[in-house]
A.B. asks: 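Below is one structure. I have some questions about it.
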Amino acid sequence: MDAAPKLNAAQMQAVTAPVGPLLVLAGAGTGKTRVVIARIAHLARRGNCPSRILAVTFTNKAAREMLGRANTLLQRKKDAPRPEISTIHSLCVRILRRHAARLGYPERFTIIDRGDQEGTARKVLKELKVPEATLRPADLLDRVSRWKSVGIRPDDAFANLSGDADESWELAAAGYRRYQQALRATGAVDFDDLLLVVDELFTTHEDARRQEASRFDHLLVDEYQDTSGIQERILAALARDHRSLCVVGDDDQSIYAWRGAQIAHILDFAHRWPGATVVRLEENYRSTPEIIKAANTLIAHNGRRHGKTLVSKAPSGVPPTIMQAQDEVDESQRVVSEVESLLREGATILAETAILVRTGEQTRVFEQELRRRDIAYELIGSRSFFDRREVKDVMAFLRLLVEPDDDLALSRIANVPPRGLSAHTIEKCRTAASLAGHSLWHELQAARAAGRLTAAAGTGIGMLERMVALRHGAAVAGAAETLRTLLDQADYRRHLDREYEEDLAEAEARWQCVEEVANALAHYEKAHGGGRDDEGFARLVRGFLDDLILEVTEAERHETDKEKGKGNKLRLMTLHAAKGLEFDCVWMVGMEEGILPHIRSLNDGLQAIDEERRLCYVGVTRARKRLSLSLCLTRMKWGKTKPCRPSRFLYELTGQAEKFQEQPAAPAAAPSPTKGKRPAKRVAKRR
DNA sequence: CCTGGCATCATTTTT
DNA sequence: TGATGCCAGG
């Protein structure tokens with residue numbers, strides 16, 4: 001990683017630039033993280049207390065890594081002040097917890113995760129009687145998120161509908177309003193709200209803004225090209241007074257427009273912050289000249305950019321290769337064979353290999369193949385751990401312990417394991433509760449008292465009551481211990497065993513996940529000093545759940561067997577998840593029109609294709625020594641075999657862009673007279 | 001109240 | 001091809 005032992009001139013310039021607005025345009029592999037950390041150290045050396053420095057990263061993983069490296073570099077004693085390094089979401093949670101009451105939010109709002117968002121969206125659409133074919137929950141959330149990322153409220157959404165918007169946008173606007181009402185009613189906020197509400201706080205309460213801004217004297221922002229409108233406003237509000245704002249990013253790696261990221265922020269930075277210093281890092285220490293050449297040729301096809309050209313400082317290697325497979329199964333077999341032969345030759349180790357895909361669905365065949373050949377791999381970035389039913393159940397149990405009035409959590413586990421409270425009963429009580437204006441928990445107890453429930457349901461509520469009662473004395477027993485008692489009382493282990501009685505290994509694996517949450521809680525408890533009283537315990541658990549939802553706390557994935565040399569695994573991930581990582585050998589698979597660029601961007605016009613190109617660029621620049629691209633001639637889609645065309649990016653990155661035709665010469669509909677493979681046209685001959 | 005079987009219909013990326 | 005939702009029967 002640190003191919004450059006000393007900072008080069010440009011890096012040095014960035015690190016020591018005068019305090020004030022600073023834009024570091026850092027291409028891929030130019031040592032940008034290093035620069036951020038070195039600048040923190042530089043500021044500290046100049047007499048700034050590290051704790052007055054705030055660095056914002058894009059992901060929690062990046063934050064953890066940066067914090068680790070910063071601590072090493074600062075070489076302080078244990079209790080010495082350390083810089084604050086976190087994602088903007090974690091930062092906002094902390095700000096909100098301090099000011100929630102002033103915004104008319106329930107003092108203890110809960111953050112809902114993607115799954116609950118989708119559940120809420122689904123319900124909203126059902127209430128509005130919108131058929132799923134018109135607007136799916138995920139689509140609604142997508143649009144809501146887009147609105148929120150630029151600060152558009154439900155009421156503004158209607159006003160903002162442009163003339164050419166189809167009716168689905170109107171439905172989405174209506175859905176947005178209902179969705180927001182639903183969240184409000186349960187005191188919940190989603191990921192976007194965290195930012196939206198902080199922005200609102202800063203606009204309406206100048207004193208709060210100043211108070212938060214004054215906690216730091218310096219602000220550094222990593223991956224600045226991916227900031228959304230609302231994020232930009234929050235960051236600006238924090239930096240406005242001291243103007244010590246150092247942003248680092250690469251416009252060519254902006255790949256989150258769909259989430260509201262605006263590339264304009266990095267393009268116009270110098271304009272919006274007058275007097276800003278601009279430093280460009282173009283010396284790449286990561287990849288061979290062959291790989292950099294492909295990357296440069298590719299990205300030159302994009303329109304709006306700062307126009308950097310990377311210069312490789314690494315020794316020459318092999319040119320990128322392109323492999324054409326019959327179908328996706330063939331592709332996976334040949335790619336994995338390549339991995340194996342490289343390993344056999346000793347050309348690389350597993351930990352230095354990665355297979356990158358455009359969509360999560362593509363990972364499937366590769367997983368199968370890797371498992372078949374017994375190659376250790378890790379699926380990165382999938383929120384699979386947190387999506388697991390048992391993990392969400394445990395989180396709901398835990399939430400209930402401190403927040404019995406949390407309707408979402410209660411309805412999740414009210415009948416898990418089954419205790420006579422059917423979905424129907426719960427739904428009925430939920431409606432009654434919202435009519436009466438109190439919580440589901442309250443309603444259940446009231447309904448039982450009024451004799452409106454079956455005996456079985458009554459018993460079930462009694463069981464829940466006993467579980468919730470565990471909160472008293474939890475401070476003494478300890479949080480993790482209390483959770484174990486609770487799970488015991490709920491008989492959750494037996495529940496899992498029964499659920500998967502035909503597959504005991506599965507039941508065991510799922511229980512392991514439960515254990516991991518308990519362990520993570522124990523960890524968190526130790527790190528934060530257990531709660532002293534009921535209130536302290538509640539705060540501890542709430543903080544833990546916040547972190548878990550934001551994935552700040554690492555719940556270590558269950559390690560299968562004792563891996564030889566732990567961490568020595570091939571990484572399998574999406575291109576998005578690969579941002580910020582690097583490997584000796586990278587395979588980019590599925591290089592076909594419709595996958596990369598994705599079909600949906602093909603319909604969305606040039607801007608969308610530019611973003612796909614940046615995505616491709618990100619993939620290419622992950623590779624240090626070897627880059628292998630592959631594509632399929634046909635692909636199985638919904639049980640049907642469909643032909644594929646090579647991605648335009650393959651032509652572009654080999655300098656043959658002119659050979660790509662937007663429309664296939666022969667209409668795809670016209671079947672070729674002779675069945676079988678199409679003429680093996682030589683795609684992208686090298687050089 | 002719960003379970004299993006059948007019909008339907010789908011197209012991305014994630015803090 | 002596979003996930004998910006709905007309905008009928010225990």
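Throughout, protein chains are lettered first and strands after them, A, B, ... in sequence-line order, and every chain is numbered starting at 1.
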A.B. asks: Could you give the distance separating B:dT12 and C:dG5 at their C1' atoms, to the nearest angstrom?
C.D. replies: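 Taking atom C1' in both C:dG5 and B:dT12, they lie 24 Å apart.
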A.B. asks: Could you state the CG-C1' distance from A:Asn603 to B:dT12, rounded to the nearest angstrom?
C.D. replies: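 Nearest whole value for this atom pair: 13 Å.
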A.B. asks: For A:Ser411, enumerate each residue passing the side-chain hydrogen bond (donor to acceptor under 3.5 Å, both in side chains) test, keeping only those at least two apart in sequence or located in another chain.
C.D. replies: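 Partners of A:Ser411 by the side-chain hydrogen bond (donor to acceptor under 3.5 Å, both in side chains) criterion, ordered by chain and then number, come out as A:Arg430.
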A.B. asks: Please confirm whether the shortest side-chain N or O distance from A:Thr574 to OP1 or OP2 of B:dT14 is below 4.0 Å.
C.D. replies: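 For B:dT14, OP1 or OP2 has a side-chain N or O of A:Thr574 closer than 4.0 Å.
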A.B. asks: Below 4.0 angstrom, which residues in residues 359-368 of chain A have at least one non-hydrogen atom near DNA chain B?
C.D. replies: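 Within this stretch, A:Thr359, A:Gly360 sit under 4.0 Å of the strand.
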A.B. asks: Got a salt bridge between A:Glu612 and A:Arg358, using NZ or NE/NH1/NH2 to carboxylate O under 4.0 Å?
C.D. replies: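 A:Arg358 and A:Glu612: salt-bridged.
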A.B. asks: List in chain and number order the residues that pass side-chain hydrogen bond (donor to acceptor under 3.5 Å, both in side chains) with A:Lys32, two or more places apart in sequence or in another chain; answer none if no residue qualifies.
C.D. replies: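 Once residues adjacent in sequence are excluded, the partners of A:Lys32 under the side-chain hydrogen bond (donor to acceptor under 3.5 Å, both in side chains) criterion are A:Asp222, A:Glu223.
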A.B. asks: Output all residues satisfying side-chain contact (heavy atoms from CB on, under 4.5 Å) with A:Asp610, sequence neighbours left out; order by chain, then residue number.
C.D. replies: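 Result, side-chain contact (heavy atoms from CB on, under 4.5 Å) vs A:Asp610: A:Asn302, A:Arg613, A:Arg614.
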A.B. asks: Whole-Å distance between B:dT13 C1' and A:Arg146 CZ?
C.D. replies: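 Result: 11 Å.
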A.B. asks: Which residues pass the salt bridge (Lys or Arg N to Asp or Glu O under 4.0 Å) test with A:Asp407, not counting sequence neighbours?
C.D. replies: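 Listed in chain order: nothing, the list is empty.
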A.B. asks: Could you list all N or O pairs between the protein and nucleotides 5-11 of chain B that sit under 3.5 Å apart?
C.D. replies:
unit_1: B:dT11; atom_1: OP2; unit_2: A:Arg136; atom_2: NH1; d: 2.3
unit_1: B:dT11; atom_1: OP2; unit_2: A:Arg136; atom_2: NH2; d: 3.4
unit_1: B:dT11; atom_1: O5'; unit_2: A:Arg136; atom_2: NH1; d: 2.8
unit_1: B:dT11; atom_1: O2; unit_2: A:Lys637; atom_2: NZ; d: 3.4

A.B. asks: A:Arg98: what forms a side-chain hydrogen bond (donor to acceptor under 3.5 Å, both in side chains) with it, not counting sequence neighbours?
C.D. replies: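 A:Glu212.
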A.B. asks: Can you list everything that forms a salt bridge (Lys or Arg N to Asp or Glu O under 4.0 Å) with A:Glu367? Sequence neighbours excluded, please.
C.D. replies: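 Checked A:Glu367 against salt bridge (Lys or Arg N to Asp or Glu O under 4.0 Å); zero matches.
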A.B. asks: Excluding sequence neighbours, so at least two apart, what forms side-chain hydrogen bond (donor to acceptor under 3.5 Å, both in side chains) with A:Ser145?
C.D. replies: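 Partners of A:Ser145 under the side-chain hydrogen bond (donor to acceptor under 3.5 Å, both in side chains) test: A:Asp192.
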A.B. asks: Report the residues that fulfil salt bridge (Lys or Arg N to Asp or Glu O under 4.0 Å) with A:Glu361, sequence neighbours left out, ordered by chain and then residue number.
C.D. replies: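 Per chain and number, A:Glu361 pairs via salt bridge (Lys or Arg N to Asp or Glu O under 4.0 Å) with no residue.
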A.B. asks: At a heavy-atom distance below 4.0 Å, what parts of residues 256-265 of chain A sit against DNA chain B?
C.D. replies: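 Heavy-atom cutoff 4.0 Å gives A:Tyr256, A:Trp258, A:Arg259.
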A.B. asks: Hey, which sits more toward the 5' end of DNA chain B by its nearest nucleotide, A:Glu611 or A:Leu421?
C.D. replies: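 Taking each residue's closest nucleotide, the earlier one in sequence belongs to A:Leu421.
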A.B. asks: Which residues pass the side-chain contact (heavy atoms from CB on, under 4.5 Å) test with A:Ala261, not counting sequence neighbours?
C.D. replies: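 Result, side-chain contact (heavy atoms from CB on, under 4.5 Å) vs A:Ala261: A:Asp226, A:Tyr256.
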